[in-house]
Amino acid sequence: MSRLQVAIVGYGLAGSVFHAPLIAAQPRMRVAAVVTGSPERAEQARREHPGVRVVPSAEALFADIADIDLVVIATPNRTHAPLARQALDTGLPLVVDKPFAVSVAEGEDLIARAERAGVALSVFQNRRWDGDFLTVRRLIADGRLGDVRRFESRFERWRPVPKGGWREVGSADEGAGLLFDLGSHLIDQAVTLFGPVRSVYGELDRRRPGIQTDDDAFVALTHTSGVRSHLWMSAVTPQLGPRFRVLGSESGYVTYGLDPQEEALRSGRRPDDGDRPWGTVEPERWGVLGAEPAIEPVATLAGDYPAFYSGMAAAILDGAPVPVDPRDAVTTLRLLDAARLSASRGEAVTA
C-alpha cells in the first residue's frame, strides 16, 4: 500500500480547512473521496484535490468503500456518532472530529465497535499540537515553573452579533454551544497536562439574543494532583485575556494570542507549500516567563498540526498507537457533562 486512500465525510469548514490540507500534506495519505451534497463544495473539492471522488451522501460512500483505507468524520456534532457507527461497521479505520460524540454512552459504544472490528479509531484534538501548548508542556517537563499550582486557559472572541449557524441556534443535546465547541479543546489540554480530575465547577450563560445554548462559559477543574485549571470560553469578550497563564512555585508563564496554524489554513496556506516554516511564531508574539521583576521572553515552539495525520498513518501502516486515544475523548465528554450539571446546580460536582 503506497498511500492510504482517505475519505472525508463533510466538506465545510472542518473538512476543507482543517482535515483535507493536513491529509494532502501527509506523504503516506491522499484525499481520495469527499462526501458533500453541496454542488459548490463538490466543485471546491475537485479544484483543491484533482482526481478526488465526490460522493453525495455517506450512505453512497459506505456502499462503495473498496478503494478507501481511512474515513474522517467532519460533519456537525450531532452526526458524529451515527456516521462513525456506519464507518466502523464497514471495518474501516476512523478519525472523528471533536467533540467525539454528544454523550459518554455514544463515545463508549464507538470504542467498543472499533475494538470488535480491530480497527484504529482516533479523535481530532488538533490543539494538542498548538505551539503555545507545546511550549507550556515543555516548560513544565523541564521544571522551569516549579510545581504548577494554577493553569488558566482561554478561547475568547468578540462576536456581539450572532452568525446564526447551528453552533449558536442548536441545542446542547445536538452538541451546540461553546462548551462543546471550545470546551472540548480546553478540557482536553488541561487533562493532558495535569491528569485526572476530582471535581468540576461550571458556569454557562447565553448573552446574545436568539442564542439557544451557551455562548459564554467558565469551567474550573480540580485535578487529583492538586493543580487547579480555570478555563474560559466566550464569544462576548470585548477585551481578550491571555491565552495561557500558568502559575508555578518558581515562576509563571503568560502568552497572548492564538496559535497561527488555524489562520494560515483559513488563508489557504498548506503545511507543505514551502512558503515559510510551518507553525512558527514571530518573536514579538512570544510569551514571557519568570517571576517579578525578572521576566523574559521565551521562544514559542513551532505548532505541528501535521503531526496528527503522521501519527494516524503510523497507527494504520506500522501498528503504532493512535495519535489521540478515544478514551481520552470519553473522559472529556464526562467532564463536559459534569460542567453542565454543576452549572444547573450552582455548585461544584464530583468528576
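Predicted, not measured: the structure shown is a model, and the values here were computed from it.
Between the side chains of Thr222 and Arg228, at least one donor-acceptor pair of N or O atoms lies under 3.5 Å. A donor-acceptor contact under 3.5 angstrom links the side chains of Tyr11 and Glu48, judged on distance only. In this model, no donor atom of one side chain and acceptor atom of the other lie less than 3.5 Å apart for Glu347 and Ser342.
Contact check for Pro323 versus Trp129: side-chain heavy atoms found under the 4.5 Å cut-off. Using a 4.5 Å cut-off on side-chain heavy atoms (C-beta onward), Asp216 and Asp214 make no contact. Side-chain atoms of Ser184 and Leu336, non-hydrogen and from C-beta on, do get closer than 4.5 Å to each other.
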Practice prompt. Show the numbers, then the answer: is there a ring pair (Phe, Tyr, Trp, His ring centres under 6.0 Å) between Tyr253 and Phe244?
Written response: CA-CA 7 Å; Tyr253 173 74; Phe244 290 121; 7.5 Å; no
Worksheet item: Would His230 and Phe218 satisfy ring pair (Phe, Tyr, Trp, His ring centres under 6.0 Å), going step by step from the backbone distance to the final call?
Response: CA-CA 7 Å; His230 287 179; Phe218 169 75; 5.5 Å; yes
Discussion item. Run the side-chain contact (heavy atoms from CB on, under 4.5 Å) test on Val123 and Val95 for me, step by step, so that the C-alpha distance in whole Å, both residues' side-chain angles and the decisive distance to 0.1 Å come before the verdict.
Written reply: CA-CA 5 Å; Val123 183; Val95 169; over 6 Å; no
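Listed by first then second residue, pairs satisfying salt bridge (charged side-chain N to carboxylate O under 4.0 Å, His left out) with a partner in residues 14-23 number zero, not counting sequence neighbours. Residue pairs meeting the side chain to side chain donor-acceptor pair (under 3.5 Å) criterion with at least one partner in residues 93-107, sequence neighbours excluded, are His19-Asp97, Lys98-Asp181. Residue pairs meeting the salt bridge (charged side-chain N to carboxylate O under 4.0 Å, His left out) criterion with at least one partner in residues 7-25, sequence neighbours excluded, do not occur; the list is empty.
In this pair, Phe124 and Phe308 present their aromatic rings perpendicular. The plane angle is above 60°, beyond the 30 to 60° band.
Remark: Asp142 pairs with Arg138, Arg144 by the side-chain contact (heavy atoms from CB on, under 4.5 Å) rule, at least two apart or across chains. Applying the side-chain contact (heavy atoms from CB on, under 4.5 Å) rule to Arg245 yields the partners Glu152, Pro242, Leu247, Val254; only residues at least two apart in sequence or on another chain are considered. In this structure Ser344 satisfies the side-chain contact (heavy atoms from CB on, under 4.5 Å) test together with Leu341, sequence neighbours excluded.
Side-chain atoms of Thr237 do not come within 3.5 Å of backbone N or O of Ser234 as any donor-acceptor pair. In this structure, Ser122 contributes its side chain and Val324 its backbone to a donor-acceptor pair below 3.5 Å. When atom types are taken as modelled, the side chain of His80 and the backbone of Pro99 share a donor-acceptor pair closer than 3.5 angstrom. In this structure a side-chain-to-backbone donor-acceptor pair under 3.5 Å is present from Gln261 to Asp304.
One finds a salt bridge joining Arg327 and Asp325 here, because a Lys/Arg side-chain nitrogen approaches an Asp/Glu carboxylate oxygen to under 4.0 Å.
If you run side chain to side chain donor-acceptor pair (under 3.5 Å) between Ser153 and each of His185, Arg243, Arg127, only Arg243 comes through. Results of the salt bridge (charged side-chain N to carboxylate O under 4.0 Å, His left out) test with Asp215 over Arg207, Arg159, Arg208 single out Arg208 as the only residue that passes.
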